[in-house]
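Contents: one structure, followed by commentary.
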Amino acid sequence: MSQSLESDDVVGVITQQIESRYGMTLNELRASVTAAPAADPGAATLVRWYGHLTDAQDALTRAEDTLVEELGAAPGELDDPAMALAHQVNTAVSVRDGRAMVVRYLLDGNAPGNRTAWSGPSRTAAPAPAIQTTPLARPAATVVPVRGVVR
C-alpha cells in the first residue's frame with residue numbers, strides 16, 4: 001500500500017513541474033495543445049507522454065490492488081499465482097518509471113539531445129565552434145603497387 005502513495009507522489013511531483021514550467025494547470029495545457037498542437041510541438045509531446053505516464057500509473061495501481069487482495073486471501077507462503085501478481089507489479093513499476101523518465105527528460109531543456117522541451121532561438125542554426133579550428137593537412141597519398149593487379 002505504501003508503494004501506491006509513493007507512486008502517486010511521482011505523478012504529483014511531475015504534474016507540479018509541468019504546471020510550473022508552463023505557468024498553467026495541466027488541464028489548461030491539454031486544452032491549448034488540443035486547440036493548436038503545432039504551436040508548441042514540445043508541449044504536445046510532453047502532454048502525450050504525460051498521458052502515457054498516467055495510464056501506466058493506473059495499471060500499476062490496479063496490479064497492486066490485485067496483489068494485495070491475493071495476499072489478504074491466502075496469508076502465509078507465496079504461491080505461484082501470488083508470485084505472478086508480484087511480477088506484474090514489478091513490471092508495472094518499471095513501465096511507470098520509464099515513462100516518468102521520458103517526461104522528466106522532456107521537461108529538462110538542458111538535457112543532452114533534448115530539442116523539444118524549450119522554446120529558444122532557432123534550433124536549425126548550428127552554434128559556432130568554441131574555438132577556431134582548421135582542417136589537418138594530410139600528406140599526399142603515395143601509389144603502392146598491388147601484387148597481382150595489372151594497370
Pick from Thr91, Leu85, Asn90: which one makes a side chain to side chain contact (heavy atoms under 4.5 Å, CB included) with Gln88? Leu85
Check the hydrophobic clustering (I, L, V, M, F, W, Y; side-chain heavy atoms under 4.5 Å; chains of links allowed) and say if Val93 and Val95 are grouped together. no
Take atom CE of Met101 as the centre, draw a 6.0 Å sphere, and report whether it contains more than 12 heavy atoms from other residues, nucleotides or ligands. no
Provide the closest heavy-atom pair for Glu70 versus Pro81 in the form atom of the first, atom of the second, distance. OE2-CB, 4.3 Å
Would you check if the side chain of Glu19 reaches a backbone N or O of Leu26 as a donor-acceptor pair within less than 3.5 Å? yes
Establish, from distance only, whether the side-chain atoms of Thr61 and Gln57 form a donor-acceptor pair under 3.5 Å. yes
Once you round to the nearest 0.5 Å, how far does OH of Tyr22 lie from CG of Leu46? 5.0 Å
Would Gln17 and Ile14 count as a side-chain contact (heavy atoms from CB on, under 4.5 Å) if you check the C-alpha gap in whole Å, the side-chain angles of each, and the deciding distance to 0.1 Å? CA-CA 5 Å; Gln17 290 172 347; Ile14 290 175; 4.2 Å; yes
Please name the pair of heavy atoms, one in Ala44 and one in Pro37, separated by the smallest distance, quoted to 0.1 Å. CB-O, 3.8 Å
Tell me the closest heavy-atom pair linking Pro41 and Ala38, and the distance in Å. CD-O, 3.8 Å
Looking only at heavy atoms, what is the nearest atom pair of Leu29 and Ala43, with distance? CD1-CB, 4.2 Å
Kindly determine whether Tyr50 and Arg30 satisfy side-chain contact (heavy atoms from CB on, under 4.5 Å), including the steps that lead there. CA-CA 10 Å; Tyr50 182 82; Arg30 284 181 179 147; 3.2 Å; yes
Among Val10, Ile18, Thr45, side chain to side chain contact (heavy atoms under 4.5 Å, CB included) partner for Val103: Ile18
Nearest non-hydrogen partners of Thr54 and Gly51, listed with the distance: OG1-O, 2.9 Å
Quick one: pull up CG in Asp9 and CD in Gln16 and give me the separation to the nearest 0.5 Å. 9.5 Å
